[in-house]
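To start, the structure itself, in structure tokens.
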Amino acid sequence: MKIYNFAAGPAVLPLEVLKNVQKDLVEYEESGMSVMEMSHRSQVYQTIIDDAEKNLRDLLDIPANYKVLFLQGGGTLQFSMIPLNLLKVKAGYINSGHWSIKAISEALKVGYVDILGSSEDKDFTYIPRITNIPEKDLDYVYYCDNNTIFGTKFNYVPETKRPLVCDMSSCFLSEKVDVSKYGLIFAGAQKNVGPAGVTIVIIRDDLLDSPSNLPTYLRYKIHADKNSLYNTPPAFNIYVCGEVFKWLKRIGGLDEIHKRDVEKAGLLYNYLDSSTFYTTKVEKESRSIMNVTFNTPSADLDCEFVKDAEKMGLVNLKGHRVSGGLRASIYNAMPLDGVKELVKFMDNFAKKHQKG
Ligand SMILES: *Cc1c(COP(=O)(O)O)cnc(C)c1O
């Protein structure tokens, strides 16, 4: 039976990429060894990491005055590294749910935080619309673009003259982004671009300076100066991300993947909108095309849904423990057929349980 994995992360990877990695697992090209065994200082590995960076730069059209870093510590370490490097006095944060709350609590350990807007009043089921940011004295403005847990996504880029910092962990490379609008973008790989263990940071040159008493490893500058090879990097994970970047280029880049993502999400949301059985709490304008959250009429039926779906090979549809309900994560690598199968299952489940 074919399994479709709707997990929020670690998540589905393109089958073609996994097969290529498998083919090269024991011996990478003519190197005589696996990428896992290679020195990160070897010429072969240098080419792998250089190509990964170059392909990412091509995909996102990253301007020359930005550095690309491959770091460790997950998205979570960025919640701390950002304020430790950039927060001198005060930063502005938009609170759109779980992951921004975590980021805010880390920033508060370093300095003052202005909450520029929040959607807490409606359980984070929408994205706050922030205009006229009072930017005086703000070292940076921070937001989380796609809220993995609640299934919401910013459909605009907040306007500010201060450096804009963005957590794109769960929507990275799902659409084109104007990198020049940002001071710093970061993304943990395991949602949309690769295996867990590597975090990508794109940072503008002028933000690389950090307080001199900051532990070396936490400074962006040290990683930038050493081109992500200050110490042993998560070498194999970076290689797999590089293969995903190549795959994205082969299929036609971010315009093509975005078209596919929109089609997949459209199929699911159209079904949800037409259903009298399922509900989705997220406001229409704030819907994520990566993480789709919904509910059946009861928590018991939600549980039954997850179990029945699993029997059909549709796995990991349980919502996050924070929000409950159901969630289908349909990242770049989820095939259209997976979403079609899901909708078919949902319809059968509804017919079986709908009253009247
Ligand atoms: C998963 C996630 C994180 C945390 O990532 P880790 O790699 O587990 O630290 C941060 N932000 C968002 C938006 C996420 O989806």
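Count residues from 1 along the sequence. One-based numbering, in listed order, for ligands and for the atoms of each. What you see is a predicted model; the values in this text were computed from it and never measured.
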**OP:** Apply side-chain contact (heavy atoms from CB on, under 4.5 Å) to Ile127 and Asn147, showing your working.
**Re:** CA-CA 9 Å; Ile127 293 292; Asn147 295 280; 3.6 Å; yes

Original post:
Which atoms of ligand 1 sit under 4.0 Å from any heavy atom of Phe79?
Top reply: 10 (C)

Original post:
Val110, Tyr142: one ILVMFWY side-chain cluster at the under-4.5 Å cut-off?
Top reply: yes

Original post:
Do Gly74 and ligand 1 have an N or O pair less than 3.5 Å apart?
Top reply: no

Original post:
So which of Asp167, Asp145, Thr199, Leu77 gets nearest to atom 11 (N) of ligand 1, if we judge by its closest heavy atom?
Top reply: Asp167

**OP:** Examine the proximity of ligand 1 to Phe186 and report which part, side chain or backbone, both or neither, has a heavy atom under 4.0 Å away.
**Re:** neither

Original post:
Judging by distance only, is a nitrogen or oxygen of Asn146 under 3.5 angstrom from one on ligand 1?
Top reply: no

**OP:** Record the part of Thr76 in heavy-atom contact with ligand 1 below 4.0 Å; permitted values are side chain, backbone, both and neither.
**Re:** both

**OP:** Examine the proximity of ligand 1 to Cys144 and report which part, side chain or backbone, both or neither, has a heavy atom under 4.0 Å away.
**Re:** side chain

Subject >> Joint cluster assignment, Ile130 & Tyr182, ILVMFWY side-chain distance < 4.5 Å >> reply: yes

**OP:** With heavy atoms only and a cut-off of under 4.0 Å, state how Gln190 meets ligand 1: side chain, backbone, both or neither.
**Re:** side chain

Original post:
Are Tyr239 and Leu18 in one and the same hydrophobic cluster, where Ile, Leu, Val, Met, Phe, Trp and Tyr link if side-chain heavy atoms are under 4.5 Å apart?
Top reply: yes

Original post:
Does the pair His223 and Phe70 meet the rule for a ring pair (Phe, Tyr, Trp, His ring centres under 6.0 Å), with working shown?
Top reply: CA-CA 8 Å; His223 297 287; Phe70 297 102; over 10 Å; no

Original post:
Within a reach of under 6.0 Å around CZ of Arg41, are more than 12 heavy atoms found that belong to other residues, nucleotides or ligands?
Top reply: yes

Original post:
Has Lys246 got more than 12 heavy atoms of other residues, nucleotides or ligands less than 6.0 Å from its NZ?
Top reply: yes

Original post:
Going by the atom numbers of ligand 1, which of them fall below 4.0 Å from some non-hydrogen atom of Ser169?
Top reply: 10 (C), 11 (N), 12 (C), 13 (C), 14 (C)

Subject >> Interfacing atoms of ligand 1 (cut-off 4.0 Å, heavy-atom, Gly75) >> reply: 5 (O), 6 (P), 7 (O), 9 (O)

**OP:** If you have a sec, work out which protein heavy atom is nearest atom 2 (C) of ligand 1 and how many Å separate them, to one decimal?
**Re:** Lys191 NZ, 2.5 Å

Original post:
By number and element, which atoms of ligand 1 are closer than 4.0 Å to a non-hydrogen atom of Thr148?
Top reply: 12 (C), 13 (C), 14 (C), 15 (O)

Original post:
With a 4.5 Å heavy-atom cut-off, do Leu77 and Gln72 have their side chains touching?
Top reply: no

